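Values reported hereafter were calculated over all heavy atoms of this structure, with side chains retained and with hydrogens, waters and symmetry mates removed. None of the values given here were measured: they were computed from a predicted structure.
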Amino acid sequence: MTVFIDADGCPVVDITVKLSKQASVDCVIVCDSSHVFEKAGAKTITVSKGNDSVDFALVSMIQKGDIVITQDYGLAAMCLARRAVPVSQDGMMYTDSNIDGLLLQRHTAKKIRMSGGRLKGPSKRTPEQDILFEKTLKNLLGGQP
């Protein structure tokens with residue numbers, strides 16, 4: 001098992017690296033060349049900038065049972081197809097049961113924006129979200145402290 005982080009805009013990189021290290025599980029940070037990540041205990045792979053370049057590189061690396069940290073529903077869907085375990089930065093596990101609804105929600109929001117509509121952005125991140133994410137990842141890593 002390896003933990004992969006879709007690191008572009010990911011607020012839980014440090015938590016993920018720390019928990020992976022504690023569980024003695026390899027951790028790979030994948031980002032594009034506009035971001036720089038060097039974290040002790042994790043390998044960083046930097047890919048060229050481009051639409052979805054990180055997503056496609058990451059999907060080509062994962063294997064069944066790997067954990068992928070992402071907030072991207074499209075990437076989560078591709079991970080599910082590869083039998084990996086995608087998890088949001090808030091600790092929500094993407095599943096075959098919820099991914100279709102999430103993708104529809106994303107599509108609907110894009111249609112609203114394309115027609116000139118405006119949507120409220122995400123709320124400010126709370127400490128509770130970090131706690132929930134940490135709990136989920138610990139469970140996936142086998143309940144390691």
Side-chain angles (χ1 to χ4, degrees), residues 1-37 39 41-114 117 119-145:
M1 171 194 326
T2 300
V3 176
F4 289 89
I5 305 170
D6 174 12
D8 298 344
C10 181
V12 293
V13 172
D14 291 335
I15 294 170
T16 304
V17 171
K18 177 187 82 171
L19 293 177
S20 298
K21 192 174 179 180
Q22 287 175 353
S24 299
V25 172
D26 290 335
C27 184
V28 178
I29 299 170
V30 185
C31 59
D32 69 28
S33 57
S34 64
H35 298 87
V36 177
F37 285 95
K39 303 284 183 185
K43 176 182 177 183
T44 300
I45 296 175
T46 305
V47 300
S48 299
K49 282 193 275 187
N51 280 351
D52 302 321
S53 61
V54 169
D55 298 352
F56 293 125
L58 198 152
V59 166
S60 73
M61 291 183 253
I62 61 173
Q63 298 191 19
K64 181 179 179 179
D66 287 342
I67 299 170
V68 180
I69 311 304
T70 185
Q71 61 186 353
D72 182 317
Y73 299 159
L75 175 57
M78 290 187 285
C79 292
L80 286 169
R82 298 284 310 262
R83 310 318 294 159
V85 182
V87 180
S88 80
Q89 63 192 18
D90 299 334
M92 177 186 72
M93 292 182 58
Y94 300 102
T95 65
D96 291 333
S97 300
N98 67 12
I99 197 65
D100 288 339
L102 294 168
L103 288 168
L104 177 60
Q105 186 179 19
R106 180 180 80 164
H107 174 72
T108 302
K110 183 176 182 179
K111 282 176 50 177
I112 292 169
R113 286 192 306 275
M114 295 293 283
L119 298 169
K120 185 178 176 186
S123 303
K124 185 177 179 183
R125 188 159 182 85
T126 66
E128 290 78 18
Q129 288 170 299
D130 286 344
I131 291 167
L132 186 57
F133 172 78
E134 191 167 343
K135 180 180 176 184
T136 300
L137 186 56
K138 279 182 183 178
N139 286 339
L140 288 171
L141 293 171
Q144 297 294 324

Seminar exercise, completed: The reported gap from CE in Met1 to OG in Ser20 (rounded to nearest 0.5 angstrom) is 9.5 Å
For this session: For the pair Ser53 (side chain) and Val47 (backbone), establish whether a donor and an acceptor sit closer than 3.5 Å, ignoring hydrogens and angles.
Result: no
Problem set entry | From CG (Leu137) to CD (Gln89), nearest 0.5 Å | 13.5 Å
Problem set entry | Point-to-point distance, once rounded to the nearest 0.5 Å, from CD1 of Ile62 to CG of Leu75 | 7.0 Å
Exercise. With a 4.5 Å heavy-atom cut-off, do Lys138 and Leu19 have their side chains touching?
Worked result: yes
Exercise. Would you say the side chain of Met61 lies within less than 4.5 Å of the side chain of Ile45, judging by non-hydrogen atoms?
Worked result: yes
Exercise. Less than 4.5 Å apart, any side-chain heavy atom of Thr46 and any of His35?
Worked result: no
Problem set entry | side-chain contact (heavy atoms from CB on, under 4.5 Å) partners for Lys135, two or more places apart | Asn139
For this session: Looking only at non-hydrogen atoms, find the nearest pair between Arg82 and Val59 and report the distance.
Result: NH1-O, 2.6 Å
Exercise. Side-chain contact, heavy-atom cut-off 4.5 Å: Lys43 with Asp26?
Worked result: no
Exercise. From Leu80 CG over to Ile99 CD1, what is the distance, rounded to the nearest 0.5 angstrom?
Worked result: 5.5 Å
For this session: List the atom of Phe133, the atom of Ser88, and the distance in Å for their closest heavy-atom pair.
Result: CD1-O, 3.3 Å
Problem set entry | side-chain contact (heavy atoms from CB on, under 4.5 Å) assessment of Arg125 paired with Asp90 | CA-CA 9 Å; Arg125 188 159 182 85; Asp90 299 334; 2.7 Å; yes
For this session: May I ask you to test the Lys39-Asp14 pair for a side-chain heavy-atom distance under 4.5 Å?
Result: yes
For this session: Assess whether side-chain contact (heavy atoms from CB on, under 4.5 Å) is satisfied between Asp72 and Val54, documenting all intermediate values.
Result: CA-CA 11 Å; Asp72 182 317; Val54 169; over 6 Å; no
Seminar exercise, completed: Sorted by chain and number, sequence neighbours left out, side-chain contact (heavy atoms from CB on, under 4.5 Å) with Ser34 holds for Asp32, Lys49
Seminar exercise, completed: side chain to side chain contact (heavy atoms under 4.5 Å, CB included) with Met93: of Val87, Ile67, Asn98, only one passes, and it is Val87
For this session: Can you sort out the partners of Lys21 under side-chain contact (heavy atoms from CB on, under 4.5 Å), two or more places apart, ordered by chain and number?
Result: none
Exercise. Taking all non-hydrogen atoms of both residues, which atom of Met78 and which atom of Asp55 are closest, and how far apart?
Worked result: CE-CB, 4.2 Å
Problem set entry | Worked verdict on Ile5 versus Val17 for side-chain contact (heavy atoms from CB on, under 4.5 Å) | CA-CA 9 Å; Ile5 305 170; Val17 171; 4.2 Å; yes
For this session: List the atom of Gly65, the atom of Val85, and the distance in Å for their closest heavy-atom pair.
Result: O-CG2, 4.4 Å
Problem set entry | Nearest heavy atoms of Cys10 and Val13, plus distance in Å | O-CG2, 3.5 Å
Exercise. After noting the C-alpha distance and the side-chain angles of Cys79 and Thr70, does the key distance pass the side-chain contact (heavy atoms from CB on, under 4.5 Å) rule?
Worked result: CA-CA 10 Å; Cys79 292; Thr70 185; 5.6 Å; no
Problem set entry | Glu134 side, atom CD; Thr136 side, atom OG1 - distance, nearest 0.5 Å | 10.0 Å
